[in-house]
Amino acid sequence: MVERNLVNVLLLGGGFMLIFTSFQTLGNIEQTIIDSIKIDLPSFTGDGYTSLAIIYAALSLSNWVTPSVLSAIGPRLAMAIGAITYCLFMASFFLPHVILLYGCSIILGAGAALIWTGQGMYLSQCSTGETISRNSGVFWAMLQMSMFFGNLLVFFKFQGKTHIDETTRNIVFTVLIGVAIVGLVMLGCLRRPTNNEDASIEQNSSVRPMEAFLNAVRLFRTPRMMLLCITFIYTGLSLSFFSGVYGSSIGFTNAIGSSPKQYVGLNGVFIGVGEVLGGVAFGLLGTRTTTRCGRDPIVITGGILHLGAYFLIYLNLPNSAPFGSTDALSYIQPPSAGAAMFCSFLLGLGDACFNTQCYSMLGGVFKNQPAEAFSIFKFTQSVAAAASFVYSSYCGLHVQLLILVVLGIVGTVSFCLVEFGVKRELGEFRHPVMAREYDK
């Protein structure tokens, strides 16, 4: 039983790794790519930040429907449908057109709600209270390996280029779509999880679509979930920053090197290094630490890492960097590519701290309502990400960093308050011997 569920988790992680090798790479370079498309095709008026904002807005709205959809079709089929929408979105770049770009962004947002909520439900079904932290760590580490391969391709293909020509763009798109299709096939190989006494599959299989929706609304209104939503909002803001804004800001800073565009891909690689190390350290190797000390020390560590990264970014990159190519300078003159990559690493490592513990919290504390809990997580995170991409088109880098600092502190505190409440219910503070029951 354990081996079969672990194989399922490995297949799940492998499928997501390949699909998001494609999408995260594209998201990281989308604004840079569109900037070059506008030069070759002046009639094209699309905007990368707007596209990403539409994706996350559609994702946030769709998350209220996904629990009902999953109760009807199950998580495996939902993930397969979601994966197809990622392939369609990437294919739209072969025919640059504003309506096609934004239309496929809406479709992708709906598909992303299916694939992510299905992933959360399926991972919960494959886990017990004792294995949820391990399985979350395995999945997260495999998922974040996606940051390596696609971004390395971008690094080498964009090397020495100030303008990304059509031939180069089409090669990158073709490779990314091919990789995503392989990931779709892997998700199609997922097997039904083996039932166990801790898994919630039986409890969710009989829930009707309307009941699933109402359960999600009720869960959203609970004090514990509302506190967690503050943390989810921060993860959405930080996700949009390092996945879309920060990489573009590096590429637009002319003084950072002779070929700043190549650092866009290298930025993604260093984010991936931090994400994978964090997934291994705080997911796999940190299971005992989580059981003994709780999730809050890891989240606090992530908050400190992010605050350090934001301060160094403030010193290194100019305020106008998100808006387009600029010769402006900040406090470090000239801007340091090494410092920029170090910040990328810190952003990835801190993000892994937050997300592995959010997954552990949702899959453990809310194990009886996994679809509803993960849909709320993605809804809140996506609303924040969409809002971030909207204000990214108007707010300078320094204002964006200030927003991240404030929400990072508040989100860390709110997560810790929930964790303290969970410990108190289990008698953790008075009875350390109950540590084994912590995640059950």
Side-chain angles (χ1 to χ4, degrees), residues 1-24 59 63 66-67 69-70 73-87 111-150 179-196 198-201 204-205 272 275-276 278-280 282-284 287 352 355-364 366-367 370-371 373-375 377-378 381:
M1 177 184 70
V2 174
E3 290 181 356
R4 177 171 174 175
N5 282 339
L6 181 57
V7 169
N8 284 335
V9 172
L10 293 174
L11 279 173
L12 181 69
F16 270 68
M17 177 187 70
L18 294 174
I19 291 169
F20 286 91
T21 289
S22 302
F23 178 70
Q24 287 183 343
L59 171 56
N63 269 299
T66 49
V69 176
L70 262 68
I73 66 176
R76 291 182 294 167
L77 180 56
M79 286 188 286
I81 294 173
I84 293 172
T85 65
Y86 280 85
C87 297
L114 287 175
I115 197 172
W116 279 111
T117 306
Q119 174 270 328
M121 183 176 182
Y122 187 78
L123 185 67
S124 180
Q125 291 175 354
C126 291
S127 306
T128 67
E130 295 177 349
T131 62
I132 183 63
S133 292
R134 182 205 66 186
N135 289 348
S136 296
V138 169
F139 172 79
W140 190 256
M142 293 185 70
L143 170 64
Q144 297 308 325
M145 288 178 68
S146 63
M147 299 295 290
F148 297 140
F149 310 115
V179 171
I181 291 173
V182 177
L184 170 61
V185 172
M186 289 190 70
L187 292 183
C189 296
L190 291 173
R191 298 177 295 177
R192 185 181 298 274
T194 302
N195 290 336
N196 56 73
D198 290 318
S200 56
I201 183 170
N204 286 279
S205 59
E275 295 276 16
V276 172
V280 172
F282 305 123
L284 301 179
T287 301
N355 278 279
T356 55
Q357 302 317 301
C358 285
Y359 273 75
S360 179
M361 174 74 76
L362 293 172
F366 300 95
K367 65 181 181 181
F374 280 94
S375 68
F377 171 42
K378 281 299 171 183
Q381 188 181 64

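Since this is a predicted model, take the numbers as computed values, not measurements.
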(request) Any chance you could lay out the side chain to side chain contact (heavy atoms under 4.5 Å, CB included) test for Arg76 and Tyr122, step after step, and finish with the verdict? (result) CA-CA 7 Å; Arg76 291 182 294 167; Tyr122 187 78; 3.8 Å; yes
(request) Go through the steps for Thr66 and Trp116 under the test side chain to side chain contact (heavy atoms under 4.5 Å, CB included), then give the verdict. (result) CA-CA 10 Å; Thr66 49; Trp116 279 111; over 6 Å; no
(message) Within this structure, what is the CD1-CG distance for the pair Ile19 and Leu187, rounded to the nearest 0.5 Å?
(response) 4.5 Å
(request) Mind checking the CD1-CD1 spacing from Ile81 to Ile73? Nearest 0.5 Å is all I need. (result) 4.0 Å
(request) Look up atom CG in Leu184 and atom CG in Leu18, then write down how far apart they are to the nearest 0.5 Å. (result) 10.5 Å
(request) Nearest 0.5 Å please: distance from the CD atom of Gln119 over to the OH atom of Tyr359. (result) 4.0 Å
(message) If I take atom CG from residue Leu12 and atom CG from residue Leu6, how far apart are they, to the nearest 0.5 angstrom?
(response) 11.5 Å
(request) Before giving the answer on side chain to side chain contact (heavy atoms under 4.5 Å, CB included), spell out for Met79 and Ile115 the whole-Å C-alpha distance, their side-chain angles and the decisive distance to 0.1 Å. (result) CA-CA 4 Å; Met79 286 188 286; Ile115 197 172; 4.1 Å; yes
(request) Please name the pair of heavy atoms, one in Cys126 and one in Asn135, separated by the smallest distance, quoted to 0.1 Å. (result) O-ND2, 3.4 Å
(request) Could you pull out all residues at least two apart from Gln381 that satisfy side-chain hydrogen bond (donor to acceptor under 3.5 Å, both in side chains)? (result) Thr235, Lys378
(message) If you compare all heavy atoms of Gly278 against all heavy atoms of Ala352, which two are closest, and at what distance to 0.1 Å?
(response) CA-CB, 3.6 Å
(message) Using only atom types and a distance under 3.5 Å, with no angle test, would you say the side chain of Ser124 pairs donor to acceptor with the backbone of Gly120?
(response) no
(request) Show your reasoning for whether side chain to side chain contact (heavy atoms under 4.5 Å, CB included) applies to Arg191 and Val7. (result) CA-CA 9 Å; Arg191 298 177 295 177; Val7 169; 3.6 Å; yes
(request) Indicate the ring-plane relationship of Phe23 and Phe20, choosing parallel, tilted or perpendicular according to the 30° and 60° boundaries. (result) perpendicular
(message) Going by side-chain hydrogen bond (donor to acceptor under 3.5 Å, both in side chains), name the residues that satisfy it together with Tyr86, two or more places apart in sequence or in a different chain.
(response) none
(message) Please find the pair of heavy atoms, one from Gly111 and one from Thr85, that lie closest to each other, and give the distance.
(response) CA-OG1, 3.4 Å
(request) Could you grab the distance from atom CZ of Arg192 to atom CG of Asn8, nearest 0.5 Å is fine? (result) 11.0 Å
(message) For Met142 versus Gly14, what's the shortest heavy-atom pair and its separation?
(response) CE-N, 3.4 Å
